[in-house]
Amino acid sequence: MLARAIAFGLALIAGLPAAAAPDAPRLYREHCAQCHGEDRLGATGPALIPEALVRVRKEQAASVVATGREATQMPGFKDRLGEAEIAALVGYVYSPLAHVPSWGEKEIEASRVVLARPPALDRPTFAADPLNLFVVVETGDHHATILDGDRLEPITRFPTRFALHGGPKFTPDGRFVFFASRDGWVTKYDLWNLAVVAEVRAGLNTRNIALSKDGRHVAVANYLPHSLVMLSAEDLSVEKSFEVADRAGQTSRVSAVYQNHVRNSFIAALKDVPELWEVSTDPDAPPVYGAFVHSRQPGLEEGIPESPGGLFARRRITLAEPLDDFYFAPDYISILGASRDGSKAVVVDLDVGKAIADVALPGMPHLGSGIAWDWQGRKVMATPHLKDSRLSIISLGDWKVVRSIETKGAGFFLRSHEGSRYAWADAMMSREAKDTMQLIDKETLEVAHVLRPAPGKTAAHTEFDRYGRYALVSIWEKEGALVVYDAATLAEVKRIPMSKPSGKYNVYNKITFSEGTSH
Ligand code: DHE
């Protein structure tokens, strides 16, 4: 500001016109709008709005504008634009939209593309165990790799939408997988035929997706607009779109949505209003009365039903405060949701429809990464903390913190397997320890081993093969890799080069709801 004023003053003294600040909206229209949309909401290129760019630093964005993005259609502009113009463009795409357009059923439907009709198959078109495949999301160049979990060899690699986030979701038979991108695209992929089936843009800024118990419906949780969208898993057509608002009409972002296969429903946490929603995926669901649901609370079925029942019957559970991401206890009746101030978990009992306990967990527990196992005759769950160098172990049922395990640094993901004696915790939120993987002995609840797969480079997100034989760890770098360990001897078995592999997901562990993996 001061520099600009001085330049202006000097120009006046010299009798010269001051250099005008670059006209960012004009530059955007000229150079970006064709691919990223006049409205910045994306077209062939991704949306350029702050909500979709949360994981991209401004310096990175400037370098992409200058030199382009490898393996995409994005060209470099440094021969056409000066530094000040690039900086102005970056500032522009990080500024909030003055007007957020509506993105309702009509717009969603208009974006839908069906690319292939899946052929009738009783096995994959390639030789590998379809239940021991891994889907690996590579965010470095926006691709996904399908990996044979026995031979540890890639089967295919294909481009994905820009910035996939969250776990892909699988149909119960493991044939189809669904991905979501931060800017709202949902992609259905045929794992047996290795082809994209359909795509639709279900939101402008999306949190995550969930698949129903019967594999017939996809729920999409959105930040922008404030909606929870139900799609047909067959062809991604819209079945229903809920405007997300509390009873008083206050609208809200959706923190996350997950399948509850025990209750045959979707559970969604709302970020801005103190409600938790349960949306039935049972076509025969009975009517919903107030805060309580049908037969589990006889005597409370009075008055006019809030929802007539059937598919997508919606029940509201009123809480004291809004919840962020959450974890299902293995009974799928209790959930542990993170309070928004990151100081505790709130336990909600879905049968009785209310919060039943608070667990003090300062340091921002990352409950979505929680996993469970049996310990001393009871079930415990473990959660990392995004802002604390420890893992908390909580006894399920009495909701007591039974151990706080000190680690080398704050972590993000945690994984185990029924066949493994260790829980694998990364420390990717820590500058000093980001290259470590800490193995917690599930019996002694102590750090038993510290691995350093690539010194100095971030190691994160472990996933096991279906038998618990191998543990696959990501080296979270552009020139990264999957490091495969023998899960028992901890010897390195193989290193598979990948472009910033983020999450990897084993079909069997996912469709069987392994206690060691996220849902
Ligand atoms: Fe994630 C899962 C929210 C930042 C990588 N992340 C999830 C899920 C939620 C969530 C609700 C569960 C979705 C599911 O699997 O269905 N993530 C958030 C945030 O609120 C947060 C902290 C801020 C934000 O930017 O939105 C956040 N997440 C990140 C990252 O910075 C990560 C490390 C890199 C990235 O790609 O953005 C990241 N999140 C992931 C991954 C999963 C995930 C890899 C799936 C984990 C799994 O094993 O299932």
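Both ligands and their constituent atoms are indexed starting at 1 by order of listing. As the structure is a prediction and not an experimental result, all values here were calculated from the model.
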CD of Glu234 to NZ of Lys188, rounded to nearest 0.5 Å, is 5.0 Å
Just checking, is any N or O donor in the side chain of Ser514 or Glu418 under 3.5 Å from an acceptor N or O on the other one? yes
Only heavy atoms count here, so choose which of Met429, Gln259, His165 is nearest to atom 27 (C) of ligand 1. His165
Contacting atoms of ligand 1, where contact means under 4.0 angstrom from a heavy atom of Ser518: 47 (C), 48 (O), 49 (O)
With heavy-atom distances below 4.0 Å as the criterion, list the atoms of ligand 1 near Arg415. 47 (C), 48 (O)
Between Trp476 and Phe413, how do the two ring planes meet: parallel, tilted or perpendicular, split at 30° and 60°? parallel
For ligand 1, is Arg182 a contact, meaning one of its heavy atoms is under 4.0 Å away? yes
Can you find a non-hydrogen atom of His366 under 4.0 Å from ligand 1? no
Quick check on contacts: which atoms of ligand 1 are under 4.0 angstrom from a heavy atom of Asn208? 13 (C), 14 (C), 16 (O)
Heavy atoms from other residues, nucleotides or ligands near NZ of Lys500 exceed 12 (cutoff 6.0 Å): no
Per-atom contacts, ligand 1 versus His461 - under 4.0 Å to a heavy atom: 46 (C), 47 (C), 48 (O)
Please list, in number order, the atoms of ligand 1 under 4.0 Å from a heavy atom of Lys169. 14 (C), 15 (O), 16 (O)
From His366 atom NE2 to Ser392 atom OG, the distance as rounded to the nearest 0.5 Å: 14.0 Å
Is Arg175 salt-bridged to Asp173, cutoff N-O under 4.0 Å? no
Could you check which of Tyr223, Phe413, Phe412 puts a non-hydrogen atom nearest to atom 22 (C) of ligand 1? Phe412
Ignoring hydrogens and geometry, is there a side-chain-to-backbone donor-acceptor pair from Asp465 to Asn132 under 3.5 Å? no
Contacting atoms of ligand 1, where contact means under 4.0 angstrom from a heavy atom of Asp325: 9 (C), 11 (C)
Can you say whether the rings of Tyr189 and Phe179 are parallel (under 30°), tilted (30 to 60°) or perpendicular (over 60°)? perpendicular
Atoms in ligand 1 with a heavy atom of Gly167 nearer than 4.0 Å: 14 (C), 15 (O), 45 (C)
Is there a nitrogen or oxygen of Arg207 sitting under 3.5 Å from a nitrogen or oxygen of ligand 1? yes
